Amino acid sequence: MTGEDVLRLAALREGIRAVPDFPVPGVVFRDLTPLLADRAAFAACIEALASPWRGQDVQAVCGIESRGFIFGAALARELDAGFVPLRKPGKLPPPVVEVDYALEYGTDRLQARNDALRPGQRTLLIDDVLATGGTLCAARALVARLGGALLGAQVVVELDALRGRMRWGEGAPLRALLHF
Ligand SMILES: O=P(O)(O)OC[C@H]1O[C@H](OP(=O)(O)OP(=O)(O)O)[C@H](O)[C@@H]1O
Ligand SMILES: Nc1ncnc2[nH]cnc12
């Protein structure tokens, strides 16, 4: 990493607000909306997210509802790829494929159109935050069900203490721009 890269990442960190005890006591919520609202920071963020995946012939970027859509659509344009939304239940018309996953309390579900990816389509997953990793691992299972060829996953922020990377494992690269 060059000195310029380090300075750029430090500037991006400043666009992320820590909100203690939201949405529940004990959680420090990482709010990325100040970064999004700053046009230079948003542009630098998308460029930094795209950089390691350039030249890998990414054909589809799958973004996870809802904050993953914001970064995913911009990243897909940057990589000249299509964008595929992975949605929470009840939003997409049938036929869909779906994967259930465990949250800290209870379960949730991700769905995609059943023909959202072509067999073997070169696919990148994107989300804003990696916490426990449950959401990203469910998204990976969905890409597998759709027949996509997963190149890896990219997140803006990784919350190291929650060890989502352990859950993801080593089968495909997982890249994070910033760590908290
Ligand atoms: O690693 P995990 O523990 O699974 O948590 C990470 C997920 O949590 C947040 O989504 P949330 O479900 O809050 O939805 P939102 O994007 O609609 O706010 C975040 O955007 C990730 O998708
Ligand atoms: N602490 C956190 N901040 C922002 N998004 C999250 N998603 C899961 N945990 C989060």
Side-chain angles (χ1 to χ4, degrees), residues 9-10 12-38 41-42 45-46 48-50 53 60-76 83-92 96-113 116-117 123-146 148 150-180:
L9 289 179
L12 291 182
R13 278 183 94 84
E14 284 177 15
I16 298 176
R17 194 167 59 117
V19 185
D21 297 320
F22 181 85
V24 293
V27 170
V28 180
F29 186 80
R30 304 292 171 175
D31 176 15
L32 283 75
T33 58
L35 185 162
L36 292 169
D38 177 333
F42 187 30
C45 178
I46 298 303
L49 292 172
W53 305 101
V61 173
C62 286
I64 301 170
E65 185 166 356
S66 58
R67 287 176 270 153
F69 290 177
I70 302 167
F71 294 95
L75 179 62
F83 177 72
V84 173
L86 305 184
R87 301 217 62 179
K88 302 280 169 70
K91 307 282 189 178
L92 286 170
V96 297
V97 291
E98 59 191 24
V99 170
D100 291 327
Y101 60 102
L103 296 170
E104 228 170 332
Y105 298 102
T107 64
D108 208 342
R109 178 174 292 172
L110 280 179
Q111 298 182 330
R113 221 183 57 217
L117 295 174
T123 301
L124 172 63
L125 275 171
I126 170 89
D127 206 356
D128 64 332
V129 173
L130 176 74
T132 65
T135 308
L136 202 61
C137 288
R140 173 162 66 178
L142 199 49
V143 169
R145 295 271 296 278
L146 290 164
L150 186 69
L151 298 175
Q154 175 75 55
V155 296
V156 182
V157 165
E158 177 173 353
L159 304 178
D160 293 342
L162 296 178
R163 301 163 73 91
R165 185 172 288 274
M166 293 269 289
R167 189 156 174 180
W168 176 263
E170 306 218 318
L174 165 60
R175 296 199 167 97
L177 209 51
L178 300 167
H179 294 260
F180 287 92

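Owing to the predicted nature of the structure, the values given are computational and were not obtained by experimental measurement. Start at 1 and go down the list; that is how both ligands and their atoms are numbered.
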Exercise. Pick one of side chain, backbone, both or neither for how Asp128 approaches ligand 1, counting any non-hydrogen atom pair under 4.0 Å.
Key: side chain

Quiz prompt | Nearest-option assignment for atom 1 (O) of ligand 1, heavy atoms, candidates Gly164, Ala138, Gly68, Gly133 | solution = Gly133

Quiz item: Taking both backbone and side-chain atoms of Arg67, is any N or O found less than 3.5 Å from an N or O belonging to ligand 2?
Solution: yes

Quiz item: Which residue and non-hydrogen atom of the protein lie closest to atom 1 (N) of ligand 2, and at what distance in Å?
Solution: Val28 O, 2.9 Å

Exercise. Run down the list Val155, Leu130, Thr132 and name the one with the heavy atom closest to atom 3 (O) of ligand 1.
Key: Thr132

Practice problem: Taking the side chain as every heavy atom from C-beta outward, state whether Arg109 and Val99 have any atom pair closer than 4.5 Å. | Solution: no

Exercise. Cation-pi check, Arg163 to Trp168: give yes when NZ or CZ is under 6.0 Å from the six-membered ring centre and within 45° of the ring axis, no otherwise.
Key: no

Exercise. Considering heavy atoms of the protein only, find what lies nearest to atom 7 (C) of ligand 1 and give residue, atom and distance to 0.1 Å.
Key: Thr135 OG1, 3.6 Å

Quiz item: Judged by non-hydrogen atoms, does Asp127 sit under 4.0 Å from ligand 1?
Solution: yes

Self-check item: Polar contact flag for Val27 and ligand 2 (N/O pairs, less than 3.5 Å)
Solution: no

Exercise. Report, in ascending order of atom number, the atoms of ligand 2 lying under 4.0 Å from any heavy atom of Ala131.
Key: 8 (C), 9 (N)

Exercise. Examine Ala131 against ligand 1 and note whether any of their N/O atoms are separated by less than 3.5 Å.
Key: yes

